[in-house]
Amino acid sequence: MKKTIIAAAACAVITSSAMANALDPNNPSGTVVDRFADIEVLRYTVPGFEKLSLDQKKFVYYLTEAALAGRDILWDQNGKYNLALRQVLEGVYKNYKGSRKDKEFLAFEKYLKQVEFGNGVYHHYSTEKFVPEFSQKWYDAQLQSLQKANPSALSKIPAGEMATLKRLIFDPSFLAKRVNQADGEDLIMTSANNMYEGVTQQEVEDYFAAIKNPEDPTPVSYGLNTKVTKINGKVVELPYKLGGLYSPAIERIIFNLNKALPYAETEKQAASIKALIEYYTTGDLRTFDEYSILWTEDTAPVVDFINGFIESYGDPLGMTGSWESIVNFKNQEASQRTETISANAQWFENNSPVDSRFRKPEVKGVSAKVINAAILAGDAYPSTPIGINLPNANWIRASHGSKSVSIENITQAYDDASHGNGFNEEFVIDEPTSQLMDKYLFITDNLHTDLHECLGHGSGRLLPGVDPDALKAHGSTLEETRADLFALYYLADPRLVELGLLDNPDAYQAEYYKYMLNGLMTQLMRIEPGKDVEEAHMRNRKLIAEWVLEKGAPQKVVELVKRDGKTFVKINDYRRLRELFGQLLGEIQRIKSEGDYAAGAALVEKYAVKVDPKLHREVLDRYAKLDIAPYKGFVNPVYTPVTDASGNITDISVDYTEGYLPQMFRYSEAYSPLTH
Ligand code: ZN
């Protein structure tokens, strides 16, 4: 059950056009801060921050400092030369004295913005290396000018590395992709991330097979906080810890966690922060599990955070965690929604359309709340999830439950930004469907996320003796498929109306239409022509949509129809569509519970990977005309302590005016312990 974060970029943003011009000049939520390449950078606001107590504000403040302190770690995990590259690019940019309208400069600026967004030289989503549109000649000249003007600017970069950086920028075949998932290739040798070095996939697998005990009922998350490499011909793990890799950054994280500690809201929260500090100090994964359990069980505090090596999408073998942090506090009103869902968790489990052998007799500890993010950092910045479900360790989830959150101020910013962008007019089949989506998509989208995170991932059980990793490379896709299907199935259940979560029994149709449209067509806008679908959430959506399209074809449940040469998704029978979602959920749960790798692989390969090139071209062309950025990310607010004459903090102010590159440059100056 690893990888349970919803990629925000994955969440198709299509909403109201009727609510156009909803952007309020006094409320910057959803404001476009920058636009380049395939990216739009938005602002989010932090409603409710001003209502926190002073102690809570201070707590948030120190935790945000601990969050920003880890930025360099992710950059280095994403690629060995990323930190050096950032220094060069930022140095050149700041030193540039020519025209800001110069073509080469503009191409360079775009590249710099892309690299800042990717936390390195690879696209955050496709993991492909960025392609520079400025010339080597221009780059050489700028570099010379920088070194002349400021000889010490790049002095920390080893002399031999400047040539490597040039190759990194201009040679497309050199360290081409951060995470390679192509079947049959050596996934470690062909992936350019910095979580492994000088080892083959076979060596890594043999190494972990030798130290794992398959009988251990409470295994640690092997490899979560280490780089695997070879010393004197022997495979070794180098831990990320105080005194180990990334020590200067970890030292600063610990410093700020200690500052935050006195403001912990409960004893358990204080204990979990102490355990986290201990884990950063020793690198001991047993301590990380202790921390995770304390954190999971502590549901009382208003302010909460994650800070560490968490999700493992960045590792083709799904072991090493990318560093990230999100600091947040509870959104009281919206949390009632997820509390209602959680309170009824057992009912949902008992009534799910899966074989009773695969159901959990007792659903444990489903805690769910809606939060507002106060800061996004590491792997959650600038691109960010809209929901989180942690911890990832299966045995902890089974015995201690999990925490599940939806980040409402982020979904709100997406929604605010998307009003009136022309998407519905282009892709939605008719006016009644559009109107239904205007009215119900925001709430049903949120409910879909809640159901996916609060119940979907936590539902079902493995049969005794089944290896949780039995689905191997397809595990993430099938896990997301399972959680999405659980959410889709229940979104149409009359129970949601009974529970007061929806006021119209047909509201679910808004989300069903969006889901099918996205899975069959519009998510293809993120794929380059000729490429396969690779990312787990995209595969999951394609799998579901293509499968129900095929199985429902005899009764024409869903069709792709042509109008004026354009393809549209047409849903003829919503009730039957729900039954098909339920049927597929039964099968996916069986595959997971039995560890049926062959059946899982067959489904993924048949429905989730290959793209119809004609339809793909059509979607790309129609989408291009709308000029909507396929990916979005955020700048953070700026928090500043307000002090009295004696230096005591009397308040924490929040500012929403910082620009995109200024924020990146400020972070590189003030929060870069690995380059200073
Ligand atoms: Zn998920």
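Quick note: numbers below take in every heavy atom, side chains included, and nothing from hydrogens, waters or symmetry partners. What you are looking at is a predicted structure, and each value in this text was computed from that prediction instead of being measured. Order of listing sets the numbers, starting from 1, for every ligand and every atom in it.
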(request) Could you list the residues that satisfy salt bridge (Lys or Arg N to Asp or Glu O under 4.0 Å) with D379, not counting sequence neighbours? (result) none
(request) Taking only Lys NZ, Arg NE, NH1 and NH2, and the carboxylate oxygens of Asp or Glu, determine whether K403 and D298 approach each other closer than 4.0 Å. (result) no
(message) With a cut-off of 2.8 Å, does E453 put an N/O/S atom close enough to the Zn ion (ligand 1)?
(response) no
(request) Please note down the angle at the Zn ion (ligand 1) between NE2 of H457 and OE1 of E480, to the nearest 10°. (result) 110°
(message) F427: which residues meet the ring pair (Phe, Tyr, Trp, His ring centres under 6.0 Å) condition with it, sequence neighbours left out?
(response) F423
(request) Sort out for me which residue in F442, Y44, F634 forms a ring-ring contact (aromatic ring centres under 6.0 Å, His included) with Y414. (result) F634
(message) If the cut-off is 2.8 Å, does any N/O/S atom of H537 fall short of it from the Zn ion (ligand 1)?
(response) no
